[in-house]
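Each remark here refers to the structure printed beneath this line.
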Protein chains: 2
Amino acid sequence: MGLGDHSVTTSPSGGRPLKPATIRDVASRAAVSVASVSRVLNGAGPVALETRDRVMEAVRELSYVPHSGARSLSMRRTDTVGVILPDLHGEFFSELIRGLDRAARERGLHLLVSSSHDDEAEVEAALGSMRGRVDGIIIMSPHLDPASVAGGMARSVPVVALSGDGGRGDVAGIGIDNAGGARAMTAHLVEGGARRVAHIRGPSGHSEAEARMAGYAAAVAEAGQPPMVETGDFTQASGYRAMHALLERRARPDAVFAANDTMAIGALLAIREAGLRLPEDIALGGFDDVPMAALLRPALTTMRISIAELGERALARLAGAIQSRRAAAPADPEVEIVRPLLVVRQSTFNHRQGEGQSPASFSQERQDA
Amino acid sequence: MGLGDHSVTTSPSGGRPLKPATIRDVASRAAVSVASVSRVLNGAGPVALETRDRVMEAVRELSYVPHSGARSLSMRRTDTVGVILPDLHGEFFSELIRGLDRAARERGLHLLVSSSHDDEAEVEAALGSMRGRVDGIIIMSPHLDPASVAGGMARSVPVVALSGDGGRGDVAGIGIDNAGGARAMTAHLVEGGARRVAHIRGPSGHSEAEARMAGYAAAVAEAGQPPMVETGDFTQASGYRAMHALLERRARPDAVFAANDTMAIGALLAIREAGLRLPEDIALGGFDDVPMAALLRPALTTMRISIAELGERALARLAGAIQSRRAAAPADPEVEIVRPLLVVRQSTFNHRQGEGQSPASFSQERQDA
DNA sequence: CGGGTCGATGTAATCGGTTACATGCCATGC
DNA sequence: GCATGGCATGTAACCGATTACATCGACCCG
């Protein structure tokens with residue numbers, strides 16, 4: 001039961017040790033105590049130069065790598081953040097993770113990802129299984145109330161909600177200003193001379209769809225126009241169908257704002273099929289600025305959201321909350337809002353060069369595909 | 001120092017406990033030992049009915065959730081797999097994670113994701129920091145040799161390499177049959193009547209690009225055609241430029257195989273600009289079957305890889321390796337190959353209905369967008 | 001009635017680190 | 001010459017679970 005009877009092979013590449021070396025193996029090989037090894041490795045506390053060298057050599061010889069799990073337990077910190085996401089696709093998902101990963105790596109944090117959650121039970125389960133694995137959680141769940149879902153967990157670790165409208169309730173959150181963006185797009189269409197701006201909205205109950213709808217409604221009301229709305233479900237086919245329906249109305253719209261780019265593409269196909277010209281007969285605006293938007297002809301005017309940046313901000317926010325919890329300071333449950341950027345391309349009138357800004361300080365960018 | 005002096009509040013929702021309850025809190029509250037609590041919670045070992053009830057009640061009252069980190073340490077298993085990925089984008093990334101996540105959840109595993117690694121040093125660092133956090137690792141790194149990079153880690157946990165051509169070396173791997181796919185596509189173009197099939201390849205040194213190039217070269221050689229090659233870098237702009245170069249050649253190609261769909265789209269724009277018709281003047285084939293491929297007009301013929309399935313298979317493979325390592329059985333370092341599927345759409349000749357299969361048992365599918 | 005079996009439970013070692021505290025030593029100051 | 005202080009180091013108690021082993025009755029059988 002002494003310290004010396006560990007069975008780790010000496011040579012680094014010769015016999016491959018079945019079990020990796022532990023700190024005690026290193027200690028006994030360097031003929032020092034585990035405390036000294038720990039001090040050397042973490043650069044904490046005073047160590048004699050010669051001791052340091054002996055330890056480093058033993059580390060090299062045994063190719064010792066500290067066991068992060070054990071460290072987490074004794075340090076009461078995992079340096080890991082949990083990420084709980086709904087069923088996301090394509091560019092949105094990859095950009096979000098890219099932003100999270102970048103920000104995490106900067107801070108020496110890891111990402112425990114659990115995606116494709118749609119109902120509340122799954123989210124609860126995911127949250128539960130993260131206890132003791134993470135120092136904080138980033139959660140996105142469009143159909144649910146993030147505050148309630150995160151309530152239990154939020155008492156033990158900080159939670160940041162990522163949502164269409166900012167997390168209501170008492171958890172911190174990052175949200176997209178969907179209403180403001182929709183309003184800016186609608187105003188852009190009105191300013192371009194459209195007399196009847198229609199909206200192809202997303203499914204009712206979906207918080208982002210509702211917010212964009214609200215922004216549209218406010219802007220047309222302000223312009224003294226009657227609202228014209230068709231409902232889609234964010235797919236291309238639904239955008240196509242909705243546009244068809246709009247074209248059959250007695251008073252045809254001369255501009256359409258689709259609640260996302262994918263539906264806008266469907267609408268574009270329907271407009272083309274009807275033999276109408278873009279943007280002369282009908283102007284078209286989308287939302288999201290997916291990569292395809294710039295590749296269409298005419299290239300699509302849209303509201304750009306930098307998803308990667310959204311991820312970075314969320315992680316920065318969470319990292320801050322973890323810090324302040326360590327300092328026993330209560331984290332502020334404030335909700336931070338990211339504003340989309342209006343990107344004007346050929347699907348709307350880009351005559352009127354260099355004129356006035358869009359309202360509400362929404363910045364704007366012209367682009368030629 | 002007794003068992004009873006823990007300071008956790010009694011009521012579940014009243015005073016919020018700063019520190020979550022531990023198994024000892026539960027034990028003392030239920031007036032049993034920690035062993036019994038553990039037995040109840042894990043359903044292992046015999047427990048009296050009444051004891052079980054008391055424990056469950058205490059668990060509820062304290063809203064106790066086991067600390068997975070601590071459990072990992074004593075069980076020597078983390079139920080987590082590490083995923084190390086290069087800088088991936090869009091659909092490929094999200095589908096891969098989707099497949100991994102689905103397969104992981106089925107098995108009660110978690111995903112520790114670290115993405116955007118490009119050079120070897122970063123990968124090494126990521127691997128090191130995963131020691132003690134994961135039971136196994138899935139690694140994808142196109143420019144590097146997965147075997148060497150994973151060599152050190154592979155001694156302590158199983159590693160599965162995800163790569164363009166299957167991991168050489170002594171680690172298990174899953175690969176895509178890029179060469180075979182490229183060959184099938186080229187053969188499809190030849191069979192459609194093309195006399196001069198050109199190839200827009202990916203960057204040299206990139207293993208997938210090389211494999212697809214090799215498949216193309218073999219197929220044109222077999223058909224007795226001279227190779228015509230331009231090099232791109234997998235971006236749309238490079239596909240556009242490469243196609244331009246091909247069109248300026250004295251002997252213009254009558255079919256083009258682009259090494260991925262993104263470059264094929266660039267090529268498509270160039271062909272259109274030159275006033276040529278697809279597929280009559282020039283037939284065009286891609287690789288990957290990105291969602292946009294079916295939406296183009298003409299819709300793009302391409303080789304489909306089910307990325308999500310690739311992820312699922314990789315995880316299944318790793319899970320198997322983890323199992324067998326627990327049973328002290330050596331895992332086989334075999335490389336599993338996934339074959340892409342030829343999806344024929346309008347950008348190539350889809351006359352010749354219902355004729356012979358493509359060579360080498362590559363399955364085929366016709367589709368109308 | 002003694003010994004053996006089985007079921008229910010508790011005690012304490014263990015996983016691999018960190019770290020508060022104790023110890024030993026040497027140099028300094030008075 | 002002795003108290004003092006600071007550096008270098010070691011010992012052992014955690015972190016929060018699991019689990020091998022010991023214990024203790026109750027019950028059955030010869």
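Throughout, protein chains are lettered first and strands after them, A, B, ... in sequence-line order, and every chain is numbered starting at 1. The figures that follow rest on heavy atoms only: side chains count, while hydrogens, waters and symmetry mates do not.
Using a 4.0 Å cut-off between charged side-chain N and carboxylate O, A/E309 and A/R313 make a salt bridge. Under the 4.0 Å criterion applied to side-chain N and carboxylate O atoms, B/D87 and A/R98 are assigned as salt-bridge partners. Classification of B/D135 and B/R326 as a salt-bridged pair holds, one side-chain N sitting under 4.0 Å from a carboxylate O. The existence of a salt bridge linking B/R102 and B/E106 is excluded, since no basic side-chain nitrogen approaches an acidic carboxylate oxygen closer than 4.0 Å. At a threshold of 4.0 Å, the pair A/R105-A/D101 counts as salt-bridged, since one of the basic side-chain nitrogens sits closer than that to a carboxylate oxygen.
Between the CD atom of A/E50 and the C1' atom of D/dC7 there is a distance of 15 Å, given to the nearest Å. For A/L62 and C/dG16, the CG to P distance is 14 Å, given to the nearest whole Å. As rounded to whole Å, 14 Å separates atom P of C/dA8 from atom CG of B/D53. The distance from atom CG of B/D79 to atom P of D/dT18 is 12 Å, rounded to the nearest whole Å. The distance between atom CZ of A/R131 and atom P of D/dG16, rounded to the nearest whole Å, is 8 Å. If you take CZ of A/R52 and C1' of D/dA8, they are 12 Å apart, rounded to a whole angstrom. Look at CZ on B/R77: it is 17 Å from P on D/dA17, rounded to the nearest Å. Atom CZ in B/R24 sits about 12 Å away from atom P in C/dT11, given to the nearest Å.
Of the candidates C/dT11, C/dG16, D/dT9, C/dT11 carries the atom nearest the B/V34 side chain, counting heavy atoms from C-beta on. With D/dT9, C/dT18, D/dG10 as the choices, the nucleotide that has an atom nearest any side-chain atom of A/P46 turns out to be D/dT9. Closest contact between the side chain of B/I23 and the listed nucleotides D/dA17, C/dT9, D/dT9 involves D/dA17.
Using a 4.0 Å cutoff on non-hydrogen atoms, the parts of residues 65-76 of chain B near DNA chain C are B/L73, B/S74, B/R76, ordered by number.
In this model, a donor atom of one side chain and an acceptor atom of the other lie less than 3.5 Å apart for B/T80 and A/R133.
A rotation axis mapping the C1' atoms of four pairs onto the next four is fitted at both ends of the helix from C/dC1-D/dG30 to C/dC30-D/dG1 over five pairs, and the angle between these axes is 60° to 10 degrees.
Taking all atoms of both residues into account, the shortest heavy-atom contact from B/L318 to B/P158 is CD1-O, 3.6 Å.
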